[in-house]
Amino acid sequence: MVDIVSMSHPRVARRTPARHSLAELISTAALATLVSWGCAEMRQNMRNEFVSVRGAWFCAKAGCAPAQMQRSSKAHREGDVTVAHGKIANGVAVVFNAGKPPKSFSAHVSDCAGHQAEVPADKVLAPGGHGIAGQADSYAVVITRADYPALELGGACKRWTVTTDATWDKGAWQQKAGLQDG
């Protein structure tokens with residue numbers, strides 16, 4: 001049997017003004033910053049201001065045109081980057097799709113040693129200008145070994161990264177794709 005008299009409510013202690021530690025203030029500020037960045041990226045996605053990687057198309061023999069390239073069937077992921085496998089020296093086109101037409105679109109290539117080179121403007125082909133089957137709505141960044149003599153390829157350095165920079169009136173987007181020689 002329960003004694004109702006002994007079930008009295010515990011006394012509530014008086015509240016004092018909250019004192020926050022420096023760590024709590026910093027973590028709150030960091031969370032607010034991350035949320036605002038996340039919201040900004042979400043707004044940009046809702047405006048279709050983004051770029052995605054469609055894949056890489058390689059030449060079977062050196063010097064072929066983009067329309068003759070074959071899509072790489074072998075790839076792997078390294079973090080956020082998809083790395084396609086093929087013979088870089090024969091020529092390759094990395095295909096990127098923009099959600100909506102950007103104001104500007106450019107690219108650069110870097111090697112595993114940290115060297116970097118801009119992709120010539122005539123090698124960044126606009127949608128409809130490259131002839132790659134099924135990719136008429138996408139940009140093609142054509143990589144020819146001769147355009148990048150300062151970049152390492154071979155030996156311990158068998159990977160290049162192609163990075164695109166797209167801008168719109170209200171935002172910018174950078175997208176990376178990897179190329180593994182072999």
Please tell me if the side chains of [X] and [Y] come closer than 4.5 Å, counting only heavy atoms from C-beta onward.
X: Leu179; Y: Val92; answer: yes
X: Leu125; Y: Pro66; answer: yes
X: Phe58; Y: Gln70; answer: no
X: Val162; Y: Ile143; answer: yes

Output the distance between atom [atom1] ([X]) and atom [atom2] ([Y]), rounded to the nearest 0.5 Å.
X: Lys87; Y: Lys61; atom1: NZ; atom2: NZ; value: 14.0 Å
X: Thr163; Y: Gln174; atom1: OG1; atom2: CD; value: 5.5 Å
X: Gln116; Y: His108; atom1: CD; atom2: NE2; value: 3.5 Å

Assess whether a salt bridge exists between Asp80 and Lys176, defined as any Lys/Arg side-chain N lying under 4.0 Å from an Asp/Glu carboxylate O.
no
Would you call Glu49-Lys170 a salt bridge at under 4.0 Å N-O?
no
Shortest non-hydrogen separation from [X] to [Y] and the atoms involved:
X: Val51; Y: Trp173; answer: O-NE1, 3.2 Å
X: Phe96; Y: Ala177; answer: CZ-CB, 3.9 Å
X: Ala56; Y: Ala84; answer: CB-CB, 3.6 Å

Strictly distance-based, threshold 3.5 Å: is any side-chain N or O of [X] a donor or acceptor partner for the main-chain N or O of [Y]?
X: His130; Y: Val141; value: no
X: Ser72; Y: His85; value: yes
X: Asn90; Y: Ala60; value: yes

Quick check on the hydrophobic clustering: are [X] and [Y] connected, directly or via other members, by side-chain heavy-atom contacts under 4.5 Å?
X: Val124; Y: Val95; answer: no
X: Ile132; Y: Phe105; answer: no
X: Trp57; Y: Val53; answer: no
X: Ile88; Y: Tyr148; answer: yes

Residues two or more places apart in sequence or in another chain: which of them pass side-chain hydrogen bond (donor to acceptor under 3.5 Å, both in side chains) with Thr82?
Arg77
Return a table of donor-acceptor pairs under 3.5 angstrom between the side chains of residues 150-160 and protein atoms on other chains or two or more places apart.
{"residue": "Arg159", "atom": "NH1", "partner": "Glu78", "partner atom": "OE1", "Å": "2.6"}
{"residue": "Trp160", "atom": "NE1", "partner": "Glu152", "partner atom": "O", "Å": "2.7"}

Using the disulfide (SG to SG under 2.5 Å) rule, collect all pairs that involve residues 58-97, keeping only residues at least two apart or in two chains.
Cys59-Cys64
